[in-house]
Amino acid sequence: MRRGTLLAYSLPLHAGVVLRGQHQRQRNGLVVRLEEDHRTGEGEIAPLPGFSRETLPQAAEAALLLMRRWVAGASILADLSGGEDIAQRIAPSVAFGLSCALAELEDCLPPQAPSIAVPLCSGDSDEFIRRLTALPDSRLAKVKVGLTDGGAESRQVNGMLAALPGLHLRLDANRSWTAAAAAAFAAGLDPSLRGRIDFIEEPCATPAASLAFARDSGIPIAWDETVREGDFSLRPQPGVAAIIIKPTLTGSLRRCERLIHQARQAGLTAVISSSIESSLGLTQLARLSQVLTPGVPPGLDTLSLLGAQLLRRWPGSLLPLQSPALLHTIARAS
Ligand SMILES: O=C(O)CCC(=O)C1=CC=C[C@@H](O)[C@@H]1C(=O)O
Ligand SMILES: [Mg+2]
């Protein structure tokens with residue numbers, strides 16, 4: 001006997017969360033719950049405004065259709081990770097959420113481990129250095145750059161690396177630098193510290209400019225937004241060290257698995273990263289990263305952007321759990 005439930009959630013976002021120039025005050029998404037006999041699986045479907053192609057209403061419509069097909073006995077997994085056209089036709093956030101629910105139902109996700117997340121700095125670097133200093137292990141962190149001018153940010157990065165001699169950094173400019181700003185950033189870096197920048201995600205507005213930056217500066221780059229562009233092909237490229245995989249923006253677990261396998265074959269590191277999911281999605285991404293990208297710390301340090309946790313707690317987080325009563329049931333199918 002199969003049953004499905006689709007629920008809607010809304011969580012407060014702390015002030016200052018700006019996505020693609022849009023100020024976001026809430027994180028809205030869906031939870032899909034699949035039940036069969038005495039087994040249950042849940043998944044989060046949360047298109048990210050400014051990054052996802054699909055809107056939340058479009059995701060809800062696709063999720064409802066596929067949930068009803070599953071309840072009626074169809075094997076939707078083929079829909080979720082079949083050929084490119086099928087996976088692309090079904091909104092990536094829906095494919096990801098439903099495949100998580102199915103994986104939980106089949107007990108295919110590894111158990112909850114002490115969740116790790118590379119600390120993320122998107123604001124005050126002095127506060128961030130204090131936070132890192134207090135951590136038992138501050139070997140790796142991520143810093144958003146491109147928010148001000150390249151010169152000031154290279155001084156900020158120099159300061160962090162000098163303050164913590166064992167620290168390596170992942171940087172992320174979200175394509176905000178011109179070639180000149182990127183060159184100014186590289187020129188401002190202390191040459192003795194530059195080797196501790198593992199990569200910069202999307203430094204420049206175009207992939208060609210980012211490749212030229214990597215060539216000229218010798219600083220490795222990583223593709224994030226580029227991975228999700230139609231003409232992207234995974235192959236070795238001079239200066240490219242990694243790809244960032246955001247499953248909510250990519251699709252089903254099997255699609256992510258294929259992408260990670262292709263990355264490995266191209267000699268690239270694959271990093272699983274948050275799309276600002278709730279604690280439900282983030283804990284599942286943490287469990288997934290143990291299997292899909294073992295030994296590569298995932299970029300999941302976004303829970304603190306939210307005002308509450310949803311259904312499952314992130315280990316160690318003191319953020320309150322939102323009352324399940326605030327979840328709105330959109331539809332049931334049985
Ligand atoms: O990757 C991480 O360490 C955390 C997630 C993160 O940096 C992002 C999540 C969603 C959108 C962006 O703001 C940003 C990114 O571009 O990687
Ligand atoms: Mg990024």
Side-chain angles (χ1 to χ4, degrees), residues 11 13-24 27-29 44 46-53 92-93 96 115-123 128 131-132 135 138-147 153 160 167-177 182 197-207 210 213 219-229 232 240-250 256 259-260 263 268-279 281-286 288-289 292-293 296-306 314 317:
L11 294 169
L13 271 173
H14 284 323
V17 176
V18 178
L19 294 171
R20 292 273 185 277
Q22 297 294 318
H23 204 108
Q24 303 290 332
R27 187 67 173 101
N28 301 322
E44 179 170 346
L48 184 63
F51 286 78
S52 294
R53 289 193 307 270
S93 61
F96 170 62
S115 293
I116 53 171
V118 174
L120 172 66
C121 172
S122 48
F128 190 62
R131 176 185 168 201
L132 290 180
L135 290 177
S138 54
R139 279 177 295 179
L140 181 61
K142 175 169 174 178
V143 180
K144 305 291 288 178
V145 290
L147 308 172
E153 291 181 326
M160 278 189 194
L167 180 68
H168 278 239
L169 290 178
R170 293 169 179 171
L171 304 180
D172 187 352
N174 287 107
R175 296 182 163 179
S176 58
W177 281 333
I197 296 174
D198 288 358
F199 53 71
I200 302 182
E201 287 178 38
E202 307 280 356
C204 300
T206 66
S210 290
F213 165 79
I219 301 172
I221 63 172
W223 297 132
D224 181 359
E225 288 83 341
T226 302
V227 173
R228 298 182 294 275
E229 286 176 345
F232 177 71
V240 179
I243 64 164
I244 309 303
I245 295 179
K246 296 180 182 307
T248 284
L249 308 181
T250 303
C256 294
L259 204 50
I260 291 164
L268 300 175
T269 300
V271 180
I272 284 182
S273 167
S274 147
S275 302
I276 314 183
E277 295 85 353
S278 76
S279 54
L282 288 173
T283 49
Q284 290 182 324
L285 288 172
L288 270 173
S289 70
L292 297 182
T293 55
V296 179
L300 302 177
D301 185 28
T302 54
L303 184 61
S304 59
L305 299 176
L306 297 165
W314 178 271
S317 170

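Whatever order the structure lists ligands and atoms in, that order sets their numbers, starting from 1.
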Chemist: First locate atom CG of Leu300, then atom CD1 of Ile116, and finally report the distance between them rounded to the nearest 0.5 Å.
Modeler: 8.0 Å

Chemist: Give me the protein N, O or S atoms that fall under 2.8 Å of the Mg ion (ligand 2), sorted by chain and residue number.
Modeler: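 Short answer, with waters excluded from the count: Asp172 OD2, Glu201 OE1, Asp224 OD2.
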
Chemist: Arg175: what forms a salt bridge (charged side-chain N to carboxylate O under 4.0 Å, His left out) with it, not counting sequence neighbours?
Modeler: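 Glu202, Glu229.
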
Chemist: If you apply the rule side chain to side chain contact (heavy atoms under 4.5 Å, CB included), what do you find for Leu13 with Ile276, and how did you get there?
Modeler: CA-CA 10 Å; Leu13 271 173; Ile276 314 183; 4.3 Å; yes

Chemist: Between Thr248 and Glu277, is there a side-chain heavy-atom distance shorter than 4.5 Å?
Modeler: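 Glu277 reaches Thr248 side chain to side chain.
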
Chemist: Polar pairs, ligand 1 vs protein, N/O only, below 3.5 Å.
Modeler:
residue, atom, partner, partner atom, Å
ligand 1, 1 (O), Lys142, NZ, 2.9
ligand 1, 1 (O), Ser273, OG, 2.7
ligand 1, 7 (O), Lys142, NZ, 2.7
ligand 1, 16 (O), Asp172, OD2, 3.0
ligand 1, 16 (O), Asn174, ND2, 2.8
ligand 1, 16 (O), Asp224, OD2, 3.1
ligand 1, 17 (O), Lys142, NZ, 3.1
ligand 1, 17 (O), Asp172, OD2, 3.1
ligand 1, 17 (O), Glu201, OE1, 3.3
ligand 1, 17 (O), Asp224, OD2, 3.1
ligand 1, 17 (O), Lys246, NZ, 2.9

Chemist: Rounded to the nearest 0.5 Å, what separation is found between the OG atom of Ser52 and the CG atom of Leu19?
Modeler: 10.0 Å

Chemist: Let me know which of Ser275, Ser93, Ser278 forms a side chain to side chain donor-acceptor pair (under 3.5 Å) with Glu44.
Modeler: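 Answer after filtering Ser275, Ser93, Ser278: Ser278.
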
Chemist: Does some side-chain heavy atom of His168 sit less than 4.5 Å from a side-chain heavy atom of Leu140?
Modeler: yes

Chemist: List the residues meeting salt bridge (charged side-chain N to carboxylate O under 4.0 Å, His left out) with Asp198, not counting sequence neighbours, and say none if there are none.
Modeler: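 Here no residue qualifies.
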
Chemist: Considering residues, nucleotides and ligands other than Arg139, do more than 12 of their heavy atoms fall under 6.0 Å from its CZ?
Modeler: no

